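Below: the structure, in structure tokens.
Side-chain atoms are counted along with the backbone in the values below, which use heavy atoms only and exclude waters and symmetry mates. In what follows, every chain begins at residue 1, and chains take the letters A, B, ... in the order their sequences are listed. What you are looking at is a predicted structure, and each value in this text was computed from that prediction instead of being measured.
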Amino acid sequence: MMSKINHSTTERVGVYVCHCGSNIAGVIDVEAVAQWAAEHLKDRGVVIARDYKFMCSSLGQELIEKDIQELGLTRVVVAACSPHLHEATFRVACQRAGLNPYLCELVSIREQASWVHTDKHAATEKAKAIVSGGVERVLHHTPLDPLHVPIHPATLVVGGGIAGIQAALEIADAGFPVYLVEREPSIGGHMAQFDKTFPTLDCAACILTPRMVSIGSHPNVTLMTWSEVTNVAGYVGNFTVTVKKKARYINTDLCTGCGICQEKCPKKVIDDTFEAGLGYRKAVYTPFPQAVPKYPVIDHVNCTYFQKGTCRACEKLCPTDAIDFNQEDEIVTLQVGNIVLATGYDLFDARRVAQYGYARLANVFTSIEFERLSNAAGPTNGNIVLRDGVTVPKTVGIIHCTGSRDRNFNNYCSAICCMQSLKFAHLVKERTGATVYNFYIDIRTTAKAYDEFYQRVLEEGAIFVRGRVAEVTDASRMPNEEGKLIIQVEDTLAGLQRRIPVDMVILSVGLEPRRDSHEVAKLFGISCSSDGWIIEKHPKLDPVATMTEGVFVAGCAQGPKDIPNSVAQGAAAAARVLGRIQQKEIALEPVRASVDESKCSGCRICNGLCPFNAIIFHEDRMVTEVNPALCQGCGTCVAACPAGAISGTVFSNEQIFAQMEGLLLHNIEHPPLTEGVLA
Amino acid sequence: MTTKLLFYPGCSLQRTARPYLDSLVAISPLIGIELEEIQDWNCCGATEYIAIHHLASHALVGRNLALAAQQSNGTHTVMAACSACYLNLAKTDSYMQVNAQLNRQVNDALQAGGLHYQPGTVRIRHLLDIIVNDIGIEEIRTQVVRPLKGLRIAPYYGCMIARPDRDNRWDNVEHPLALDKLMKAIGAEVIDFPLKTHCCGGHMTQINMPTAYELIRRLVYGAAQYHADLMVTLCPMCQLNLDAYQSEMNRHFHTSYHMPILYFTQLLGLAFGLEPEVLGLGKEFVNASQALSRIGIEVPATELELEMVENKPARKKKEKAGLPMPQMRHSEEEDE
Amino acid sequence: MDDQSLRVQNASPSTSVSPPGSFLQEVIEATPGDSRLGMCIQCGTCGGSCPSAADMNHTPRQIFAMIRADLREEVLRSNTPWYCVSCYFCTVRCPQEVHITDVMYTLKSMAIREKRYDDSTAPDFSQTFIGYIESYGRSYELGLATRHNLRHRPLQLPSMVPLGLGMLARRRMDFAPQRIEKIEQLQAILARAIELEVGV
Ligand SMILES: Cc1cc2nc3c(=O)[nH]c(=O)nc-3n(C[C@H](O)[C@H](O)[C@H](O)COP(=O)(O)OP(=O)(O)OC[C@H]3O[C@@H](n4cnc5c(N)ncnc54)[C@H](O)[C@@H]3O)c2cc1C
Ligand code: SF4
Ligand code: SF4
Ligand code: SF4
Ligand code: SF4
């Protein structure tokens, strides 16, 4: 057995064990834990140990405050839930009673004991060990003061879909400058591709374009399309952002958006982005007529002049001489105080579900292809026809959940596919009168007016078959199936396998994180779930903040959602940003890593590891430094340094080791624990 | 350069799938593989053993794995040409790797025979996998002296080689392309066969004929619709079901399909210039000589060709009985 | 389920009242590895994919619902597992990664152990096949086909016999079964395995 640490302490520690209703007390004998702490940790400075039903209630907090004042506590340990939830609560309580808030330690006996164990005795013993660890650690705490930094009033919004547009307009309308950076030639995002939007069937362009126009003309908005963020430095309140404005080859001061270049350009290419591969654009183009800004871009990969050195038709015909083949990418640096990420989603690649035949069977379409097909401004002028461009389908099958809710692809539900499929059923019925089948696992119409829409589509006579489609094939078994696509499915409610011949199949493909979401997350110092969606600070209570101060998220970048929710999040993120700007300065947690220069060997192992880019290397002195305003106190570098040169306030080596000793009960003479509890 | 492989022939290759074995043996030297049969191997259990005794089915396979591990002089690759054997061997090996209890019990049973097997010792692979992924399509192409130009082929993989694909050897479990590419490399015209991984009927031919006939019909009808001259397969069970039961199926449905089913090794052999006889051609029930003669390959008729008398009335019957049965689109004139 | 209730149930399957969900547990426990059967969401991908679905008493999905509903008797009597051709389509397509084909094997072995099937064609085929393996180490197709067909399809035999003869003529079947050298070794291994299996 290891030697016991036995230096005495002059600190006066109070221990508070929370019942959390029955969340903790249902499994752990909280009274026994408190009693045990009072008795066995007396030598370790514990002067009082109490248990209470809800420590976070005002009465619970008052208990601590009273003890601090009456018993002269110098340290406080609360054994309750995760520090994520209530660390701030108890720190503030201490502060109110005149104790430095950083002399309070919250240890979790809920997430780490009562919720994860069923053996009551063992869980109680574990809780004791956790409390003991907290007491040892708190003895090493030092009083700290929060850092104050000023907030720059400008905001960067990344992504000009509906979520980003909403966020940018809210902030700009409040009177603060916004930079909106969009990768494509125009803002609008996915919504610009749709014809109608569920559940009300508003025309997408009619409700979206006014907002786009506002962005284009707003005095507080600097719009940068055909641009991407390449670097982010700094920290909340003071980000320095580098943006690459890709060469447009159009002088936007001269261009009037007349469209003559597009009309005359001889080079036609398939438009994989806006037209989802179903239509064409030119080498010089605006993705759609209502594009904001109105200026086209020249796609140099496809432009004949860039590839072969001749053509320049656009240049010759442009009435204002706006074409400029000599333009180069431009790098712009922006100062902003806050960032909103609204980069949206990509679509699941339907080719991956080989049994549905997409890209092999001509008349299997994806949802986004169907949106273009049904769009009056789309490649067929809104005529719903087969891939031959003329034949109107008589029977259409819509397959829900393609690539979603499937452990072979994406586990999650894409949230919008049910409604989108119902919308398609309605549009097909309305425009072609075809027989429509919907194949579903569950119909999820949970938002306002959604189930009413389902009722409406039922009334219109769409047929619903409950069963996840097994395969789509052109291999007929019987002559009556010849020339058709056959959807093979178990009709689970009838309990039999069916083969339903149709002319057209629409796959409601799921939403996926942007393909580059991990890189983008790294660029902005935030994290993604393993799926790739940006992780919010708290899934319920802080859905638009991220773990990085000053970086917010809105719309589908955070997870699949419909337009109303994307807009709500855009507005919510704006409100959070505005709140920050109004504060003018922000207090930062003083939980930081710092390098002991005398120990640093200059190996640079830590340099690339910091997820917040807080580490700077001084070439001249060959030592590393941590920028305290950027450091979020994650501890990655502390653990990585082979020289042990980095330590973190609140998680210094002394504190961690002390906590471990405490957990192992090395601080107590005769540990009253049963064998194996700590194993 | 010759690759040495431990070879697990399996029961079928010795018997019903003799032509598969013969053609494999004939092409081996040309594609640079040397086969070493696992000594005293036993049956893999097909799809039957596991239905009755879980553990014993794995022990049955375990013996083969143990023997292979013992014998492995210089190679740890065990090659099976039968898809069912391949799946069974691979399945037991991988289940033993992930399931400690199963591993213990199988070894307990093997102990009774003085054997032991450490899962993962040998690597089980299918012949097609080795040809396509190790030897490589390019190498095959260089061996071709008689490209099978003009022969329209439906590549048929069947179930068990593609599914479940534990090691991700195939590009796609629903729509693999390995055999397609291989057949293209030897000059054949390959149709995009939508039923390529559908079921041949498996053991249904022993259990319920109507079910089996329907499964066979779907495939043959599908291939005929695409105007295939023949189907090529890589599994003895598929070949047996589609070939030996085709006339029965025709009789059952009053149809008259004539869709020869050959092993891919037979076609490789032909393209490499080998004689039809050494490749076991002519032993199939649905005769391939007509299809092959179209591209100038003559399969000498055996005297056995005479029988299958019972087939002929079936064909005639079709003309009289006008039951509404699936029609195949006749291909000859449309073929280029 | 705890071991105790399983034992009680096995002791007298027909009389004991088993706790709800116990058949599901029983099937899960009898399937090696993690079958994930409890994760089925009844989507029907299996039933839609199954080539034999039309001839099955119940689609695979229905069987799983019946297992959950503790319809032990009906499940073990169903022809469904016997019509499974092990094509693995369901298994690779199942969105919940339920090891469906493995579960089908489990159900077959349970039904055989308890002799609960109405049509014995398939079980008998498996038994005959196994019989050959146990005495010869290899399967013997001609014998198999004739013995099996004599028992189950006497009427179909006339058409099947030429098939068998055709096989012989093409030297694709042998008259005599082949026996492996160390058949005793194999028999010892199988005997021990069956002992272990029954002991579980
Ligand atoms: C077929 C289909 C039909 C739908 N129909 C409806 C409907 O009828 N009603 C409804 O409520 N919802 C519908 N939805 C859902 C709707 O599309 C989304 O809720 C909404 O578009 C989300 O908006 P967003 O701004 O979050 O993302 P997006 O629309 O994806 O916009 C993101 C923007 O960010 C840009 N961007 C991405 N990465 C970067 C980067 N690194 N740098 C700069 N810019 C970047 C993109 O170019 C894009 O402009 C449908 C979805 C689909 C697939
Ligand atoms: S120079 Fe390029 S963009 Fe201009 S017209 Fe020619 S191809 Fe089109
Ligand atoms: S890892 Fe440690 S020693 Fe190396 S550079 Fe970083 S701080 Fe210095
Ligand atoms: S496919 Fe899987 S989840 Fe769907 S019904 Fe079958 S077993 Fe259940
Ligand atoms: S493995 Fe069996 S149950 Fe599954 S689809 Fe194939 S035949 Fe049906």
Side-chain angles (χ1 to χ4, degrees), chain B residues 11 14-18 40-43 45-56 58-60 62-63 95 98-99 102 105-106 108-115 159-160 163-165 173 198-199 201-204 206-211 214-215 244 248 251 283 285 304 307-308 310, chain C residues 30 32-33 51-52 54-55 81-83 85-89 91-92 101 105-106 108-109 112 121-122 125-127 129-130 132-133 137-141 144-145 148 153 156 159 162-163 165-167 169-174 178 180-182 185-186 188-194 196-197 200:
Chain B
C11 308
Q14 297 209 311
R15 292 140 180 276
T16 46
R18 192 78 209 194
D40 204 37
W41 55 271
N42 55 261
C43 173
T47 51
E48 306 312 314
Y49 216 110
I50 193 169
I52 303 204
H53 302 295
H54 258 305
L55 187 56
H58 291 299
L60 184 75
R63 179 173 178 270
Y95 277 21
V98 297
N99 185 337
L102 182 74
Q105 290 184 329
V106 170
D108 186 335
L110 288 177
Q111 185 69 49
L115 293 173
C159 313
M160 296 191 189
R163 289 184 302 269
D165 187 16
V173 295
H198 280 234
C199 175
H203 69 183
M204 271 299 135
Q206 303 301 320
I207 289 166
N208 185 341
M209 293 315 292
T211 305
E214 169 59 15
L215 296 178
E248 289 293 310
R251 189 202 298 272
K283 288 194 173 144
F285 283 81
L304 300 166
E307 58 78 49
M308 298 307 292
E310 78 282 8
Chain C
S52 311
D55 296 308
W82 299 105
Y83 273 66
V85 291
S86 308
C87 71
Y88 286 89
F89 256 131
T91 306
V92 299
T101 320
Y105 285 133
T106 303
K108 285 192 217 185
S109 64
I112 288 215
T121 319
F125 175 67
S126 298
Q127 298 277 27
F129 192 92
I130 287 185
Y132 276 104
I133 296 179
R138 298 203 179 149
S139 68
Y140 165 49
E141 283 146 315
L144 185 63
H148 181 72
R153 290 194 299 248
Q156 284 173 23
S159 69
L163 179 66
L165 290 180
M167 286 279 190
R170 289 175 167 75
R171 264 176 238 93
R172 286 175 62 176
M173 269 195 188
D174 291 353
Q178 245 191 20
I180 64 171
E181 268 168 43
K182 294 193 182 146
Q185 181 191 45
L186 177 63
I189 291 173
L190 293 178
R192 177 69 187 137
I194 289 166
L196 281 170
E197 194 170 316
V200 185

Contact winner vs chain B - C/A30, C/A193, C/P81, C/A191, heavy-atom pairs under 4.5 Å: C/A193
Using side-chain heavy atoms (C-beta onward) and a distance below 4.5 Å, is C/T101 in contact with B/R163? no
Heavy atoms, side chains only, cut-off 4.5 Å: are C/I180 and B/R63 in contact? yes
With B/D108 via side chain to side chain contact (heavy atoms under 4.5 Å, CB included) - residues at least two apart: C/R192, C/L196
Rounded at 0.5 Å granularity, tell me how far CD in C/Q185 sits from CG in B/L115. 4.5 Å
What option among B/G202, B/G113, B/A59 has the most heavy-atom pairs under 4.5 Å with chain C? B/G113
In terms of heavy-atom pairs under 4.5 Å with chain C, which of B/A112, B/G62, B/G201, B/G114 leads? B/A112
Part of C/L186 lying under 4.5 Å from any heavy atom of chain B: both
Option in B/A109, B/C199, B/C159 with maximal non-hydrogen atom pairs under 4.5 Å from chain C: B/A109
Kindly indicate whether the side chain of C/P51, heavy atoms from C-beta on, has any atom under 4.5 Å from the side chain of B/H198. no
To the nearest 0.5 Å, atom CE of B/M204 lies from atom CG of C/D55 at 8.0 Å
Counting N and O atoms only, with roles assigned by atom type, does the side chain of B/N99 sit under 3.5 Å from a partner on the main chain of C/P32, one being a donor and the other an acceptor? no
Where does B/L215 contact chain C at under 4.5 Å (heavy atoms): side chain, backbone, both or neither? side chain
Below 4.5 Å, heavy atoms only, C-beta onward: do C/I189 and B/L60 meet side chain to side chain? no
State which residues pass ring pair (Phe, Tyr, Trp, His ring centres under 6.0 Å) with B/W41; sequence neighbours excluded, sorted by chain then number. B/Y8
